[in-house]
Asker: 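Shown below is the structure under consideration.
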There are 2 protein chains.
Amino acid sequence: MTEPTGGTSTPRVTARAARRRAEIVEAARQVFTSRGFRGGSLGEIAERVGITHQGVLHHFGSKERLLVEVLRDRDIEDGPGSETLTGAAFLSHLIDTARLNTTRSGIVQAYTVLSAESVTPGHPAQGWFRTRFADLRSEVYQALRIVGGIEVGEAELERGASAVIAVMDGLQVQWLLDPAAVDMPATLRMVINSLLAGWGRPALPQEPNITA
Amino acid sequence: MTEPTGGTSTPRVTARAARRRAEIVEAARQVFTSRGFRGGSLGEIAERVGITHQGVLHHFGSKERLLVEVLRDRDIEDGPGSETLTGAAFLSHLIDTARLNTTRSGIVQAYTVLSAESVTPGHPAQGWFRTRFADLRSEVYQALRIVGGIEVGEAELERGASAVIAVMDGLQVQWLLDPAAVDMPATLRMVINSLLAGWGRPALPQEPNITA
DNA sequence: GTCTATAGACAGATAGAC
DNA sequence: GTCTATCTGTCTATAGAC
């Protein structure tokens, strides 16, 4: 861990910088969540960390590059656990995620605001979301194919994948505006089960992973 | 039509003003579509109409009030025809709307960006979208109740209403980012039919109103 | 009804001191 | 690594001439 090179130890300051960067990314996530990317300011982000906006730019170079870090950060946060799941387990994991999301409106709001904002011309996160949706559709497609069986048509599976993701995203907007009016996990489960039932397949169990 | 009062005729200038206002609202819709409400500027709106941003403020007083007019305008545009439809006809109308939407990405983008932006704290369109979603859920609920029959539980109908609207909105985001990857009307129809089938009800006809 | 002029605030980004 | 200072641009809004 110690550095052979003299002077101020490079690894220590690098570690400090990494911590600072993490602080800034977290603050940026909060600000972009509340105000969107275009509406949020570096000044507000810097204020939460306790530095000036020039300090933020020192670490990330531009507001746009900071957004990319925020999105990458979310990927890492959500990643572990879902990659190895397949078939019904993966679909159940989606419902679990919908349930978990009811306890973290901040993340839901960030995702909702940024994904919608990304459809506008020239938005820096456009490619990121396009890729993310394509990957998601592919994952859900595979899960539906495994559960639905090989005799289910390719078109139905593709539409089913789009629909499952669309329900999750669309419910989030309604839920953020009126939490009492929408039951995200129950509604998602009903849609998935209806799709499977329409294909002549058994539905997911009522409560796959938890008891409540 | 002629005015008994002397001087410059009040109705003529009012008619001119109304036309100007309509021009401004249309320009505002385009700008808010591309940049969102917070990202769009009065200057860009004014430029499209060929006046200065102060001229815009003369007609509407503030940027916020202009947004309200844009939203009201969209309501009128979409309104005619759908209010009188019930049951299966209403559900078919939703699918027709999804098909129509593939030919007007501008309106779809405006709705997508503004509805998502509205979930952020203090957004001026928040109440408008909350009411709109509540009304929509109620309409879809009634249609599902009629088609599904009285023996379908209230909770299922409520979740079904949320799900149908969520699919429409969620598909729009995916479609705007990657039009070739999503078939909005076909996917919506599949979801509605799956829900009805899950409740033991006959599905909607394959092509309710058009032949292609 | 639209303009010019101007206010007053805030944006992102750069340069250079320490 | 963070600061001060500054640049350059943009924003909403008001006041008042025409």
Side-chain angles (χ1 to χ4, degrees), chain A residues 3 5 7-28 31-32 34-70 117 120-125, chain B residues 3 5 7-28 30-32 34-70 117 120 122-125:
Chain A
E3 261 302 323
T5 53
T8 50
S9 62
T10 313
R12 260 235 290 283
V13 302
T14 304
R16 280 180 63 89
R19 234 174 302 139
R20 225 352 166 212
R21 285 172 61 96
E23 280 182 305
I24 294 171
V25 167
E26 171 57 20
V31 170
F32 291 157
S34 294
R35 315 223 181 284
F37 171 69
R38 296 206 162 104
S41 75
L42 293 178
E44 191 173 348
I45 294 166
E47 196 183 18
R48 297 196 182 217
V49 186
I51 61 175
T52 62
H53 79 271
Q54 294 90 336
V56 173
L57 285 174
H58 167 74
H59 286 283
F60 294 95
S62 76
K63 188 186 182 185
E64 196 165 311
R65 277 203 285 269
L66 177 55
L67 172 63
V68 173
E69 290 303 315
V70 170
E117 198 181 21
T120 60
H123 196 284
Chain B
E3 260 306 316
T5 54
T8 49
S9 62
T10 314
R12 257 236 292 282
V13 301
T14 304
R16 279 180 65 89
R19 232 175 302 138
R20 227 351 168 213
R21 285 172 61 97
E23 280 182 307
I24 294 170
V25 167
E26 171 56 20
Q30 292 172 12
V31 170
F32 291 157
S34 294
R35 314 225 180 282
F37 171 70
R38 296 207 163 101
S41 75
L42 293 177
E44 191 173 349
I45 293 166
E47 196 183 17
R48 298 197 182 216
V49 186
I51 61 175
T52 63
H53 77 272
Q54 294 90 335
V56 173
L57 285 174
H58 167 74
H59 286 283
F60 294 95
S62 75
K63 188 185 182 186
E64 198 166 307
R65 277 204 283 269
L66 177 54
L67 172 63
V68 173
E69 290 303 313
V70 170
E117 197 182 22
T120 60
H123 196 282

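Every chain is numbered from 1, with letters handed out A, B, ... down the list of sequences.
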Asker: Strictly by modelled atom types, are B:Gln54 and B:Thr52 linked by a side-chain donor-acceptor pair under 3.5 Å?
Answerer: yes
Asker: Strictly below 4.0 Å: does A:Thr52 bring a side-chain N or O up to OP1 or OP2 of D:dT2?
Answerer: no
Asker: Students often get this wrong, so: under 4.0 angstrom with heavy atoms, is A:Gly39 touching a base, only sugar-phosphate, or nothing?
Answerer: nothing
Asker: B:Leu42 has an atom CG; how far is it from atom P of D:dT14, in whole Å?
Answerer: 12 Å
Asker: Measure CZ/A:Arg38 against C1'/D:dC11 and give the value in whole Å, please.
Answerer: 15 Å
Asker: Which heavy atom of A:Val31 sits nearest to which heavy atom of A:Gly40, and what is that distance?
Answerer: CG1-CA, 3.8 Å
Asker: If the C1' atom of C:dC10 is compared with that of D:dT6, how far apart are they to the nearest Å?
Answerer: 15 Å
Asker: Just N and O in the side chain of A:Arg20: are any of them under 4.0 Å from OP1 or OP2 of D:dT2?
Answerer: yes
Asker: Verify the neighbour count for atom CD of B:Glu69: are there more than 12 heavy atoms of other residues, nucleotides or ligands below 6.0 Å?
Answerer: yes
Asker: Round to a whole Å and report the spacing from CZ of A:Phe32 to C1' of C:dA11.
Answerer: 13 Å
Asker: Rounded to whole angstroms, how far apart are CZ on B:Arg21 and C1' on C:dT2?
Answerer: 16 Å
Asker: Find the distance A:Glu64:CD to C:dA13:C1' and express it as a whole number of Å.
Answerer: 13 Å
Asker: Please figure out whether A:His59 or A:Gln54 has its closest DNA chain D nucleotide nearer the 5' end.
Answerer: A:His59
Asker: Given atom CZ of A:Phe60 and atom P of D:dT2, what is their separation to the nearest angstrom?
Answerer: 11 Å
Asker: Grab the NE2-P distance between A:His58 and C:dA17 for me, whole Å please.
Answerer: 17 Å
Asker: For A:Thr120 and A:Arg38, which I'm curious about, is there any donor-acceptor pair between the side chains at under 3.5 Å?
Answerer: yes
Asker: Spell out yes or no: do the side chain of B:His53 and the base of D:dA13 have one donor N/O and one acceptor N/O closer than 3.5 Å?
Answerer: yes
Asker: Which nucleotide in the list D:dA13, D:dG1, C:dG12 gets nearest to the side chain of A:Ala17?
Answerer: D:dG1
Asker: If I compare all heavy atoms of B:Leu66 with all of B:Leu42, which pair ends up nearest, and what's the gap?
Answerer: CD2-CD2, 4.2 Å
Asker: Given D:dA13, D:dT2, C:dA13, identify the nucleotide with an atom nearest to the side chain of B:Lys63.
Answerer: D:dA13
Asker: Rounding to a whole Å, what distance do you find between A:Leu57:CG and C:dA15:C1'?
Answerer: 13 Å
